[in-house]
*Asks:* 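Before anything else, here's the structure in question.
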Amino acid sequence: MNRGASFGARPLEGDHSMPKSILVDTTRCTACRGCQMACKDWHNLPAIPTKQTGTHQNPPDLNPCNLKVVRFHEHLDKNGKVVWNCFPDQCRHCLTPICKDVADMAVPGAILKDPDTGAVLFTEKTALLSPEDAQAVIDACPYNIPRLDPKTRMLSKCDMCVDRIAAGMQPMCVKTCPTGTMLFGEREEILKEANKRLEIVKKQFPDAFLADSRDVNVIYLLAEAKEHYYEYAAFM
Ligand code: SF4
Ligand code: SF4
């Protein structure tokens with residue numbers, strides 16, 4: 001059982017009618033990359049050649065075969081102590097997804113918003129976008145998420161595991177995480193839990209905040225300012 005349930009929210013069981021959210025409490029993340037691998041496994045994505053680049057982060061970026069990447073940032077605090085910050089990066093499933101607005105102008109139906117979960121879904125019709133329109137979708141995303149598959153010409157990203165949700169299960173990354181970093185459920189309930197967690201985390205990290213929580217369904221709890229994670233970690 002996912003230890004994320006230990007801070008109160010009920011796991012989803014067959015209720016498909018409410019918008020869903022995921023809390024990512026980065027203070028619990030150990031960068032084990034279990035979520036990254038589980039995502040590949042569930043989506044049947046092949047291994048790709050990669051190489052170590054001097055950081056724990058591998059592969060170095062999102063790509064059509066890695067819809068989730070655990071980013072890694074190292075810096076010195078004001079006392080000269082090394083701080084490691086982990087950031088399991090994925091689509092935020094924005095409440096008003098600008099990627100969809102841009103795609104709709106060129107190929108309606110290329111990007112959908114699932115009314116049951118709020119998940120933003122890229123469809124096979126993304127392959128019908130012209131190279132310029134596909135690039136416009138990529139450029140519009142404030143979190144640098146969409147990736148173009150050069151073979152299929154389709155755009156790719158996390159789909160919130162809507163197939164699992166429809167079957168009453170949690171997204172694969174949430175199910176796999178051994179530390180309770182991620183919690184999945186109804187949006188209102190997840191927001192309540194996120195704020196509870198924030199109050200606890202703030203006792204140790206006074207600058208902690210919830211990244212763009214009013215605009216996204218994947219809500220990151222960050223212990224420090226966004227520049228100590230990744231340049232697209234938070235928009236505001
Ligand atoms: S994070 Fe980017 S790709 Fe995901 S829904 Fe928002 S705008 Fe679209
Ligand atoms: S499985 Fe959990 S602890 Fe491991 S990298 Fe992913 S979010 Fe972090």
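Keep in mind that the numbers below use all heavy atoms, side chains included, and drop hydrogens, waters and symmetry copies.
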*Asks:* Assigning hydrophobic clusters by single linkage (Ile, Leu, Val, Met, Phe, Trp, Tyr; side-chain heavy-atom cutoff under 4.5 Å), is Leu112 placed with Ile165?
*Replies:*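 Per the 4.5 Å side-chain linkage, Leu112 and Ile165 are not co-clustered.
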*Asks:* Does the side chain of Asn195 reach to within under 4.5 Å of the side chain of Glu199, using non-hydrogen atoms?
*Replies:*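 Counting from C-beta outward, Asn195 and Glu199 never come under 4.5 Å.
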*Asks:* Can you give me the closest heavy-atom contact between Cys173 and Met182, atom names plus distance?
*Replies:*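 Nearest pair, atom of Cys173 first, then Met182: O-CE, 3.3 Å.
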*Asks:* Walk me through it: do Asp61 and Arg147 pass the test salt bridge (Lys or Arg N to Asp or Glu O under 4.0 Å)?
*Replies:* CA-CA 10 Å; Asp61 198 8; Arg147 294 293 182 273; 3.1 Å; yes
*Asks:* Is there side-chain contact between Arg164 and Lys175, with at least one heavy-atom pair below 4.5 Å?
*Replies:*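 Touching, per the 4.5 Å side-chain cut-off.
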*Asks:* For atom CD of Gln204, is the number of surrounding heavy atoms from other residues, nucleotides or ligands below 6.0 Å larger than 12?
*Replies:* no
*Asks:* NZ of Lys125 to CD1 of Ile111: how many Å apart, nearest 0.5 Å?
*Replies:* 12.5 Å
*Asks:* Take Lys100 and Asp104 through the test salt bridge (Lys or Arg N to Asp or Glu O under 4.0 Å) and record every step on the way to the result.
*Replies:* CA-CA 6 Å; Lys100 172 170 161 46; Asp104 279 348; 2.9 Å; yes
*Asks:* Which heavy atom of Pro59 sits nearest to which heavy atom of Thr50, and what is that distance?
*Replies:*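 Taking Pro59 first and Thr50 second, the nearest heavy atoms are CA-OG1, 3.7 Å.
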*Asks:* Does His93 use its side chain to pair, donor to acceptor, with the backbone of Ala119 at less than 3.5 Å?
*Replies:* no
*Asks:* Contact between Thr96 and Asp215 at the side-chain level, heavy atoms closer than 4.5 Å - yes or no?
*Replies:* no
*Asks:* Over all heavy atoms of both residues, which pair between Cys91 and Val218 is shortest? Give the atoms and the distance, please.
*Replies:* O-CG2, 3.4 Å
*Asks:* For Asn44, is the CG atom crowded, meaning more than 12 foreign heavy atoms sit under 6.0 Å from it?
*Replies:* no
*Asks:* Could you grab the distance from atom CG of Leu222 to atom CZ of Phe209, nearest 0.5 Å is fine?
*Replies:* 4.5 Å
*Asks:* Check for a donor-acceptor pair, side chain of Thr176 on one end and backbone N or O of Met172 on the other, with a separation under 3.5 Å.
*Replies:* yes
*Asks:* Any sub-3.5 Å donor-acceptor pair from Lys40's side-chain atoms to Pro46's backbone N or O?
*Replies:*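 Yes; at least one donor-acceptor contact below 3.5 Å.
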*Asks:* For His43 and Cys65: C-alpha separation, side-chain torsions, deciding distance, then whether side chain to side chain contact (heavy atoms under 4.5 Å, CB included) applies.
*Replies:* CA-CA 9 Å; His43 293 91; Cys65 295; over 6 Å; no
*Asks:* Could you check if a side-chain atom of Leu183 sits within less than 4.5 angstrom of a side-chain atom of Val174, using non-hydrogen atoms only?
*Replies:* no
*Asks:* Please find the pair of heavy atoms, one from Tyr220 and one from Phe87, that lie closest to each other, and give the distance.
*Replies:* CD2-CE1, 3.4 Å
*Asks:* Does Met236 offer a backbone N or O that forms a donor-acceptor pair with the side chain of Asp212 under 3.5 Å?
*Replies:* yes
*Asks:* Okay, side chain of Thr181, backbone of Val24: is any donor-acceptor separation there less than 3.5 Å?
*Replies:*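 Not confirmed, Thr181 side chain does not pair with Val24 backbone.
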*Asks:* Would you find a donor on one side and an acceptor on the other, under 3.5 Å apart, between the side chain of His56 and the backbone of Ala31?
*Replies:* yes
*Asks:* Do you know which two heavy atoms are closest between Leu129 and Ala103, and how far apart they sit?
*Replies:*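 That closest heavy-atom pairing would be CD2-O, 4.3 Å.
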*Asks:* Is it the case that one hydrophobic cluster holds both Val201 and Ile219, taking links as side-chain heavy atoms less than 4.5 Å apart, direct or via other members?
*Replies:*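 Looking at the clustering, Ile219 is in the same group as Val201.
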*Asks:* To the nearest 0.5 Å, what is the distance between SG (Cys86) and CZ (Arg28)?
*Replies:* 14.5 Å
*Asks:* Measure from the side-chain N and O atoms of Asn63 to the backbone N and O of Asn66, and report whether any donor-acceptor pair falls under 3.5 Å.
*Replies:*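 Yes; at least one donor-acceptor contact below 3.5 Å.
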*Asks:* Would you check if Thr27 and Arg197 make a side-chain contact, meaning some heavy-atom pair closer than 4.5 Å?
*Replies:* yes
*Asks:* To check you understand the geometry: which heavy-atom pair defines the closest contact between Lys68 and Pro88, and what is its length?
*Replies:*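 Looking at all heavy atoms of both residues, the closest pair is CE-CB, 3.8 Å.
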*Asks:* Does atom NZ of Lys192 have more than 12 heavy-atom neighbours from other groups under 6.0 Å away?
*Replies:* no
*Asks:* Within the structure provided, determine whether Glu124 and Met154 are in side-chain contact (heavy-atom separation under 4.5 Å).
*Replies:* yes
*Asks:* Looking only at atom types and distance, does a side-chain atom of Gln36 sit under 3.5 Å from a main-chain N or O of Val70, one as donor and one as acceptor?
*Replies:* yes
*Asks:* Taking everything shown except Ile200 itself, do over 12 heavy atoms lie less than 6.0 Å from its CD1?
*Replies:* yes
*Asks:* Hey, could you give me the CG/CG distance between Leu148 and Leu155, rounded to the nearest 0.5 Å?
*Replies:*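 Between Leu148 CG and Leu155 CG, I get 5.5 Å after rounding to 0.5 Å.
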*Asks:* Going by the side-chain contact (heavy atoms from CB on, under 4.5 Å) test, name the single residue among Glu188, Arg187, Glu189 that passes it with Ser21.
*Replies:* Arg187
*Asks:* Kindly compute the distance separating CG (Asp139) from SG (Cys99), expressed to the nearest 0.5 Å.
*Replies:* 12.5 Å
*Asks:* Answer yes or no: is there a donor N or O on one side and an acceptor on the other, between the side chain of Glu74 and the main chain of Trp84, under 3.5 Å?
*Replies:* no
*Asks:* If hydrophobic clusters are built by linking Ile, Leu, Val, Met, Phe, Trp and Tyr wherever their side-chain heavy atoms come under 4.5 Å apart, do Met37 and Trp42 end up in the same one?
*Replies:* no
*Asks:* Test salt bridge (Lys or Arg N to Asp or Glu O under 4.0 Å) on Lys196 and Glu193; report intermediate values, then the result.
*Replies:* CA-CA 5 Å; Lys196 266 194 226 170; Glu193 294 300 331; 3.5 Å; yes
*Asks:* Indicate, with yes or no, if Leu191 and Leu221 share a hydrophobic cluster defined by side-chain heavy-atom contacts under 4.5 Å among Ile, Leu, Val, Met, Phe, Trp and Tyr.
*Replies:*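 Yes, one cluster joins them.
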*Asks:* Anything under 30° is parallel, anything over 60° is perpendicular, the rest tilted; go ahead and classify Phe235 against Tyr143.
*Replies:* perpendicular
*Asks:* Applying side-chain hydrogen bond (donor to acceptor under 3.5 Å, both in side chains), run through Asn85 and Tyr230 and close with a yes or a no.
*Replies:* CA-CA 9 Å; Asn85 282 331; Tyr230 162 57; over 6 Å; no
*Asks:* Taking the side chain as every heavy atom from C-beta outward, state whether Leu62 and Leu67 have any atom pair closer than 4.5 Å.
*Replies:*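 No - every pair of side-chain heavy atoms lies 4.5 Å or more apart.
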*Asks:* Between Val120 and Leu128, is there shared hydrophobic-cluster membership here, with clusters defined by ILVMFWY side-chain heavy atoms closer than 4.5 Å?
*Replies:* yes
*Asks:* Does Glu224 offer a backbone N or O that forms a donor-acceptor pair with the side chain of His228 under 3.5 Å?
*Replies:* no
*Asks:* In sequence, state the C-alpha distance, the side-chain angles, and the governing distance for Arg92 and Asp89, and then conclude on salt bridge (Lys or Arg N to Asp or Glu O under 4.0 Å).
*Replies:* CA-CA 9 Å; Arg92 311 303 197 271; Asp89 193 18; 3.0 Å; yes
*Asks:* Rounded to the nearest 0.5 Å, what's the gap from CG on Leu121 to CG on Asp159? Could you check?
*Replies:*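 Here the interatomic distance stands at 6.5 Å.
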*Asks:* Do Ile98 and Pro142 make a side-chain contact, defined as non-hydrogen atoms from C-beta onward lying under 4.5 Å apart?
*Replies:* yes
